[in-house]
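Data block below; observations after.
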Number of protein chains: 2
Amino acid sequence: MLNLENILTNNNVKPTAMRLLVLQFLLNKKSATSLTDVENYFDKSDRTTIYRTLKTFVEKGISHKIDDGTGITKYALCEENCHCEIDNDLHLHFHCTNCNETICVTDYKIPKITLSRGYIAENINLVVKGICDTCNKN
Amino acid sequence: MLNLENILTNNNVKPTAMRLLVLQFLLNKKSATSLTDVENYFDKSDRTTIYRTLKTFVEKGISHKIDDGTGITKYALCEENCHCEIDNDLHLHFHCTNCNETICVTDYKIPKITLSRGYIAENINLVVKGICDTCNKN
DNA sequence: AAATTAATGCACTTCCGTTGCATACTTCAA
DNA sequence: TTGAAGTATGCAACGGAAGTGCATTAATTT
Ligand SMILES: [Mn+2]
Ligand SMILES: [Mn+2]
Ligand SMILES: [Zn+2]
Ligand SMILES: [Zn+2]
């Protein structure tokens, strides 16, 4: 049911070899992943293919894009029943300035924000920078 | 008291011609400004000089850097008594996806965020994307 | 099998931030 | 006032990352 292929097909993405490998990689990684991360992980890989793979994953709701303020776009798999595209269902992202990892804090839901009259909020991005628990121990 | 030169000298920045011009420009603009914005405004200008001018302004606490998620770094003058460098005194930024302007919502202070044990928050970035009031009228 | 569509790989471009280095301008002390 | 040291500027170039064009290959459909 929840095997790799099904994740793809359930989201209308054809399960090609590369897509399965990238998905596998994203599943194993607990933190957010950059295009270069994926590229480096595979010995023989083409940057463009991975780029388009990640892009497809985002478009089809398999993963979401994260702007953690480092200037490097990160990607992370969506949870089940995630509504990344739909407003106000987004979570906080934490970026550790020590180990440089970015993680999804999915249990921290972004609170509703009231703006001045006339402003319409469509999307909210909340990033906290600091030291993660792992780095904190050392 | 609050003329251009004093703003610079009060922050230990020597008031050179270019710096005064850039400061003037930032003062007149109500929205956040990119390096390219400043560059284009002046007929004859050097990108590097402006880059370093803006960098100096940030370092000396005259302006703050904004990452609005567009991938283009923006700058805006700090308010009086702004503690941008010191944690948790930051405000929300609004980016209009229609006119592409980013503004400081200085009266919206970012609330304190409680993270899991072990995590230390040093900096918080909150960006709301949507439609601004001006664009909303049209 | 032929034709159509989708995915991949390679080369190349663009954009932005950033740095190196040579020149010009200030400041200050001898 | 002259020279030296420090600071600011201008030009050129680099590097990383996102993104595009296009030819090739693989998968689907008829
Ligand atoms: Mn996330
Ligand atoms: Mn601001
Ligand atoms: Zn860490
Ligand atoms: Zn607008």
Side-chain angles (χ1 to χ4, degrees), chain A residues 4-5 7-9 11-25 32-60 62-76 95 100 102 125, chain B residues 4-5 7-9 11-26 32-60 62-76 95 97 100-102 125 127:
Chain A
L4 293 176
E5 258 190 74
I7 296 178
L8 295 181
T9 50
N11 288 279
N12 299 313
V13 175
K14 287 186 194 163
T16 67
M18 201 61 221
R19 285 171 178 171
L20 288 165
L21 288 168
V22 172
L23 179 60
Q24 179 73 265
F25 180 62
T33 310
S34 71
L35 170 56
T36 307
D37 287 339
V38 185
E39 191 187 9
N40 290 339
Y41 177 75
F42 296 106
D43 288 341
K44 186 189 164 302
S45 67
D46 178 69
R47 188 173 182 85
T48 312
T49 303
I50 298 170
Y51 167 74
R52 288 195 269 236
T53 297
L54 294 171
K55 194 181 176 194
T56 302
F57 283 7
V58 171
E59 283 165 1
K60 297 306 177 70
I62 294 170
S63 42
H64 60 277
K65 224 173 170 174
I66 303 166
D67 170 19
D68 61 9
T70 59
I72 295 160
T73 306
K74 304 285 169 62
Y75 302 86
H95 176 74
N100 213 34
T102 299
N125 188 31
Chain B
L4 293 175
E5 258 189 73
I7 296 178
L8 294 182
T9 49
N11 288 279
N12 299 312
V13 175
K14 287 186 194 164
T16 67
M18 201 63 221
R19 286 171 178 170
L20 288 166
L21 288 169
V22 172
L23 179 59
Q24 179 73 265
F25 180 63
L26 291 178
T33 310
S34 71
L35 170 55
T36 307
D37 287 339
V38 184
E39 192 187 8
N40 290 339
Y41 178 75
F42 296 107
D43 287 342
K44 186 190 164 302
S45 68
D46 178 68
R47 187 174 182 82
T48 312
T49 303
I50 297 170
Y51 167 74
R52 287 196 269 236
T53 298
L54 294 171
K55 194 181 175 192
T56 303
F57 283 8
V58 171
E59 283 165 1
K60 297 306 177 71
I62 293 169
S63 41
H64 60 277
K65 223 172 173 176
I66 303 167
D67 170 20
D68 62 9
T70 59
I72 295 160
T73 306
K74 305 285 169 63
Y75 301 86
H95 176 74
T97 52
N100 213 32
E101 301 269 302
T102 298
N125 188 33
V127 178

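Per chain, numbering begins at 1; letters A, B, ... match sequence-line order. This is a predicted model, so every value here is computed, not measured.
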Under the criterion side chain to side chain contact (heavy atoms under 4.5 Å, CB included), I'd like the reasoning laid out for A:Leu54 against A:Thr33: C-alpha separation, chi angles, the key distance, then a yes or no.
CA-CA 10 Å; A:Leu54 294 171; A:Thr33 310; over 6 Å; no
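- Atom OH of A:Tyr41 has 12 or fewer neighbouring heavy atoms from other residues, nucleotides or ligands inside a 6.0 Å radius.
- Applying the side chain to side chain contact (heavy atoms under 4.5 Å, CB included) rule to A:Lys14 yields the partners A:Arg19; only residues at least two apart in sequence or on another chain are considered.
- Under the side chain to side chain donor-acceptor pair (under 3.5 Å) rule, B:Asp68 has a single partner from B:Thr73, B:Thr102, B:Asn100, which is B:Thr102.
- The separation between A:Lys55 atom NZ and C:dT8 atom P is 14 Å, rounded to whole Å.
- In this structure, the side chain of A:Lys60 engages the main chain of A:Asn12 through a donor-acceptor pair within 3.5 Å.
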Taking Watson-Crick and G-U wobble contacts under 3.5 angstrom, with | marking pairs to another strand and [ ] crossing pairs, the secondary structure of DNA chain C is written ||||||||||||||||||||||||||||||
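- With rounding to whole Å, A:Glu39 atom CD is found 15 Å from C:dT8 atom P.
- Taking only side-chain nitrogens and oxygens, B:Tyr51 comes nearer than 4.0 Å to OP1 or OP2 of C:dT18.
- Distance, A:Phe42 CZ to C:dG9 P: 12 Å, rounded to whole Å.
- Atom CG in B:Leu8 sits 5.0 Å away from atom CZ in B:Phe57 (nearest 0.5 Å).
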Does the protein touch nucleotides 7-17 of chain D at the base, only the backbone, or not at all? Give it as B, S and - per nucleotide, heavy atoms under 4.0 Å.
SSBBBB----S
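- Between B:Lys74 atom NZ and C:dC16 atom P the separation is 10 Å, expressed in whole Å.
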